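All remarks here apply to the structure that follows.
Here the structure is a predicted model, which means the values were calculated and not measured.
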Amino acid sequence: MSDNHKENLRQAALAYHEYPKPGKLEIRATKPLANGRDLSRAYSPGVAEACLEIKENEANASRYTARGNLVAVVTNGSAVLGLGNIGALASKPVMEGKAVLFKKFANIDCFDIEVDEKDPEKLADIVCALGPTFGAINLEDIKAPDCFIVEKLCRERMNIPVFHDDQHGTAIVVGAAATNALHVAGKRFEDIKIVSTGGGAAGIACLNLLLKLGVKRENVWLCDIHGLVYKGREEDMNPQKAAFAQDSDLRTLDEVIDGADMFLGLSGPNVLKPEHVAKMTERPVIFALANPTPEIMPDEARSVAPEAIIATGRSDFPNQVNNVLCFPFIFRGALDVGATDINDEMQIACVEGIAELARATTSAEAAAAYKGEQLTFGADYLIPKPFDPRLSGVVSTAVAKAAMETGVATRPVEDLQAYKEDLDASVFKSALLMRPVFDAAATASRRIVFAEGEDERVLRAAQAILEETTETPILIGRPSVIDRRCERMGLEIRPGRDFNIVNPEDDPRYRDYWGSYHDIMKRRGVTPDLAKAIMRTNTTAIGAVMVHREEADSLICGTFGEYRWHLNYVTQVLGTAEHRPHGALSMMILEDGPLFIADTHVHSLPTPEQLAESAIGAARHVRRFGLTPNVSLCSQSQFGNQAEGSGKRLRAALEILDAEPRDFAYEGEMNVDAALDPELRGRLLPDNRMEGTANILIFAHADAASGVRNILKMKAGGLEVGPILMGMGNRAHVVTPGITARGLLNMAAIAGTPVAHYG
């Protein structure tokens, strides 16, 4: 790497920390403080009530304060990874980063606390004195052996979890990776010989956990900078090292490595040589975890052992051993059940959860975050990626369960499955809102045909559909391409076995399909030859014909291409007097709840009749999500203050709605702020007929609806479910190219709901 490139990276990292405001953290209030009433509740006199409740019962602190979801990351900066003893203040960027990871991956609030105290007993006193503030303590970057002393004292004196992540977090991820490495190598913990370099906190903790997983102590050979740790050695020893001392005349790594099944390095660069690897057993497991330069580079190890199974601490090689796979989720589980400790059983549950997740099918979200990487379980994929959103549900639930079973949980959860679903819902923002739709879809097994069956997102959605629903996916595409892509992506599903395929190039139903299409379109200028060509090349038209012929119940198309192009063929084949597109409805999931937008795609300039149909259809669909519809017809005009333009068409739509009794609340025409602010709306029109905030916005221009949808998605972090095609009796939905595999799964659930469930 050139000096200029290094300097550019350095400046980019510094700018990241400095702008737009210094640091990586800020504190935000969770309650409003907008008026005197709020102030009297947040502070004097109302705050006294919460204080008295906690004085009466200390457990109430988790009800009335942030303590139950608050972790302290505590360090004295004496052993900062890759930087050494840089002191408490210089370590602050690292600790802020750790706090950000807690929030990002497990939604745990965190304060970083840098303490200028080198004496381990005094440091322990300070940490223990902080106990009333926090629900758990994460000790970080404290040098060995001081870290052993600090952790031991704090765990003895505090009634909350205390976890030294450099020790136990590293050990847990190593344990998970080792579990799967031995699975791939066909070996067992109880049979293997381990040689380890590095007698620091992380190295000792890894060895202790490996013992708990079944490794025999006599099969562990620990080396440090002075050579083998042996019985009688006095140089640079402590009780933690002495526990692994061997009764042997061997003294060097070169001597003890012979016949080793696993090398565990937490030491320094280039400690393990190719000639050492050559002395190990067949298909050795090599964990070279020193950063930034490992004990041996993977290509060097494979030069003498091509079948070696290798992990490092670096992100540019497969199998990065990264503590972020562990610490957010072990703390999440511990905090949620009010654990008083993080014990061995909870740590082993974490190991097993991480290892099991790597052996499962890779999530679509992880695949998207690590595009281009091979994420199929095997020698190069032993542990899941940090951005795999399933980690929280799987690992935290396993930890909570272990805490309850071992009696350290003070607030046990009654329903672990419901707890896991809540964790998933916190990661998959659509999960909670989609639950009623999935429940309704489970009452019938509908056949959903995907027009773009070769698309990676569709394949991942098909896997999820088969795992999570009772629906049957049908994919349009070439079998050889679909099979090859499933294998490459590590999906378990295969065409012909798990789902049906329509092959446009060679399908026995081809004659029937083009005949059906010609029958529908022969009076609209489509000749037999054109019908044949379309049924060979146009997968949206093929899917629509399948629904028309009742070989599928619903079509999903549009993962690429233009919306109205797909809609044209859907309408040609499936449109009737009863079923015609009324509009496209998008659910935008925002931080404060869902907001539905229509019509985003179907009618560029909808008529009053089409606007009324959109409002009626949107209200019907919103009920599918277990919500009460509150419809606002939105315009630049506000309650008649503009005679022409969109306000005129919306007022005409209101007259159509008013002509018959409706089972939903609606009002208009109004600006969007009046729709979302009932107090403002009340000032503008005191006797308006809508209560509360609107959750459905109907726009008189597709440009406006689509613009609001995209602004909410790109600038407000809104997650879109949809667009839902209204008016087609759930027989077809046209999605947009930006949809994810999770979005397709959600649309499949919507398409899989019997019409009787939503009218």
Worksheet entry | Partner residues of H582 under the ring pair (Phe, Tyr, Trp, His ring centres under 6.0 Å) criterion, sequence neighbours left out | none
Item to complete: Would you sort out whether D663 and R623 count as a salt bridge (charged side-chain N to carboxylate O under 4.0 Å, His left out), showing the intermediate values?
Response: CA-CA 11 Å; D663 59 355; R623 285 202 174 89; 3.6 Å; yes
Worksheet, complete the sentence: Here the ring-ring contact (aromatic ring centres under 6.0 Å, His included) pairs for residues 632-679, sequence neighbours left out, are F664-Y666
Response to the item:
Those residues at least two apart in sequence (or on a different chain) that pass side chain to side chain contact (heavy atoms under 4.5 Å, CB included) with S40 are P45
Worksheet item: If we only count heavy atoms from C-beta on, is the H579 to L574 side-chain gap below 4.5 Å?
Response: no
Discussion item. Could you walk me through whether R411 and S62 satisfy the side chain to side chain contact (heavy atoms under 4.5 Å, CB included) test, starting with their C-alpha distance in whole Å, then the side-chain angles of each, then the deciding distance to 0.1 Å, before giving a yes or no?
Written reply: CA-CA 10 Å; R411 298 190 306 274; S62 294; 3.4 Å; yes
Fill in: From CZ (R651) to CD1 (I656), nearest 0.5 Å
13.5 Å
Practice prompt. With sequence neighbours left out, write down each residue that passes salt bridge (charged side-chain N to carboxylate O under 4.0 Å, His left out) with R63, or none if nothing qualifies.
Written response: none
Worksheet item: OG/S614 to CZ/F699 distance, rounded to the nearest 0.5 angstrom?
Response: 12.0 Å
Fill in: Test item: D677 side-chain N/O and A674 main-chain N/O as donor-acceptor pair under 3.5 Å
no
Worksheet, complete the sentence: With sequence neighbours left out, the residues meeting salt bridge (charged side-chain N to carboxylate O under 4.0 Å, His left out) with D592 are none
Worksheet entry | Student check: side-chain heavy atoms of L416 and K401 closer than 4.5 Å | yes
Worksheet entry | Side-chain donor or acceptor of R457 paired with backbone N/O of G738 under 3.5 Å | no
Worksheet item: Should we say atom CD of E562 is surrounded by more than 12 heavy atoms from elsewhere, each under 6.0 Å from it?
Response: yes
Practice prompt. Look up atom NZ in K24 and atom CG in L101, then write down how far apart they are to the nearest 0.5 Å.
Written response: 9.0 Å
Worksheet item: Atom CG in L684, atom CG in N671: separation rounded to 0.5 Å?
Response: 8.0 Å
Worksheet entry | Taking every non-hydrogen atom, the tightest pair across A400 and G333 | CB-O, 3.9 Å
Worksheet item: Counting heavy atoms not belonging to E26, are there more than 12 under 6.0 Å from its CD?
Response: yes
Worksheet entry | Atom of M728, atom of V570 and distance for their closest heavy-atom approach | CE-CG1, 4.1 Å
Worksheet item: Would you say L719 and M588 make side-chain contact, with heavy atoms under 4.5 Å?
Response: no
Discussion item. Can you list everything that forms a ring pair (Phe, Tyr, Trp, His ring centres under 6.0 Å) with F331? Sequence neighbours excluded, please.
Written reply: F102, F163
Discussion item. Can you tell me how far apart CG (L585) and OG1 (T600) are? Round to the nearest 0.5 Å.
Written reply: 7.5 Å
Practice prompt. Taking R332 for its side chain and S392 for its backbone only, find out whether a donor-acceptor pair lies under 3.5 Å.
Written response: no
Discussion item. Within the 4.5 Å heavy-atom criterion, are V399 and F329 side-chain neighbours or not?
Written reply: no
Discussion item. I'd like to know if the side chain of R67 reaches the main chain of N60, judged simply by a donor and an acceptor atom lying under 3.5 Å from each other, with no hydrogens or angles considered.
Written reply: no
Worksheet item: For E679, which residues count as a salt bridge (charged side-chain N to carboxylate O under 4.0 Å, His left out) partner, sequence neighbours excluded?
Response: R683
Discussion item. Tell me the closest heavy-atom pair linking G543 and V449, and the distance in Å.
Written reply: O-CG1, 4.0 Å
Worksheet item: When you check the gap from the basic side-chain N to the acidic O, do R731 and E550 get nearer than 4.0 Å?
Response: no
Worksheet item: Hey, is the main chain of T628 close enough, under 3.5 Å, to the side chain of N695 for a donor-acceptor pair?
Response: yes
Worksheet item: When you check the gap from the basic side-chain N to the acidic O, do E456 and R460 get nearer than 4.0 Å?
Response: yes
Worksheet item: Between the main-chain N or O of R689 and the side-chain N or O of E667, is there a donor-acceptor pair closer than 3.5 Å?
Response: yes
Practice prompt. Could you tell me which residues satisfy side chain to side chain contact (heavy atoms under 4.5 Å, CB included) with T410, sequence neighbours excluded, listed by chain and number?
Written response: T340
Worksheet item: Do any N or O atoms from the side chain of H733 and from the backbone of L725 form a donor-acceptor pair under 3.5 angstrom?
Response: yes
Worksheet item: Any side-chain heavy atom of F105 within less than 4.5 Å of one from P386?
Response: yes
Practice prompt. Kindly give the heavy-atom pair with the smallest separation between L676 and P678, and that separation in Å.
Written response: O-CD, 3.6 Å
Fill in: Shortest non-hydrogen contact between A462 and L475, atoms and distance
CB-CD1, 4.3 Å
Discussion item. Could you tell me if E452 and T559 have a donor-acceptor pair between their side chains, going purely by distance under 3.5 Å?
Written reply: yes
Practice prompt. Using the side chain to side chain contact (heavy atoms under 4.5 Å, CB included) rule, take V395 and I330 through it: C-alpha gap first, then chi angles, then the decisive distance, then the call.
Written response: CA-CA 7 Å; V395 178; I330 200 166; 5.7 Å; no
Worksheet item: Is there a side-chain contact between L391 and L357 (heavy atoms, below 4.5 Å)?
Response: yes
Worksheet item: With distance as the sole test, does Q610 use its side chain to make a donor-acceptor pair with the main-chain N or O of G583 at under 3.5 Å?
Response: no
Worksheet item: Quick one: salt bridge (charged side-chain N to carboxylate O under 4.0 Å, His left out) partners of K103, sequence neighbours excluded?
Response: D109
Worksheet item: More than 12 heavy atoms of other residues, nucleotides or ligands under 6.0 Å from OH of Y64: is that the case?
Response: yes
Worksheet entry | Any donor-acceptor pair under 3.5 Å from D553 side chain to R446 backbone | no
Worksheet item: How many angstroms lie between CD1 in I474 and CD1 in I476, if you round to the nearest 0.5 Å?
Response: 8.5 Å
Item to complete: Taking side chain to side chain contact (heavy atoms under 4.5 Å, CB included) as the test, write out the residues that go with L33, two or more places apart.
Response: D38, L39, A42
Worksheet entry | salt bridge (Lys or Arg N to Asp or Glu O under 4.0 Å): pairs with one or both residues in residues 461-477, sequence neighbours excluded | none
Worksheet item: In a check of side-chain hydrogen bond (donor to acceptor under 3.5 Å, both in side chains) between Y419 and each of D424, T397, D336, which one passes?
Response: D336
Discussion item. Quick check: do M670 and L650 have side-chain heavy atoms less than 4.5 Å from each other?
Written reply: no
Worksheet item: Hey, does I698 have a side-chain heavy atom less than 4.5 Å from the side chain of S632?
Response: no
Worksheet item: Is a side-chain donor or acceptor of R681 paired with a backbone partner of M690 at a separation under 3.5 angstrom?
Response: yes
Practice prompt. Identify the heavy atoms of P581 and L567 that sit nearest to each other, and give their distance.
Written response: CG-CD1, 3.9 Å
Please list, one pair per line, the donor and acceptor atoms closer than 3.5 Å that link side chains of residues 701-709 to other protein atoms, with sequence neighbours excluded.
| unit_1 | atom_1 | unit_2 | atom_2 | d |
| --- | --- | --- | --- | --- |
| H701 | NE2 | R649 | NH2 | 3.4 |
| R709 | NE | E720 | OE1 | 3.3 |
| R709 | NE | E720 | OE2 | 2.8 |
| R709 | NH2 | E720 | OE1 | 3.3 |

Item to complete: Please indicate whether E551 has more than 12 foreign heavy atoms, meaning atoms of other residues, nucleotides or ligands, lying under 6.0 Å from its CD.
Response: yes
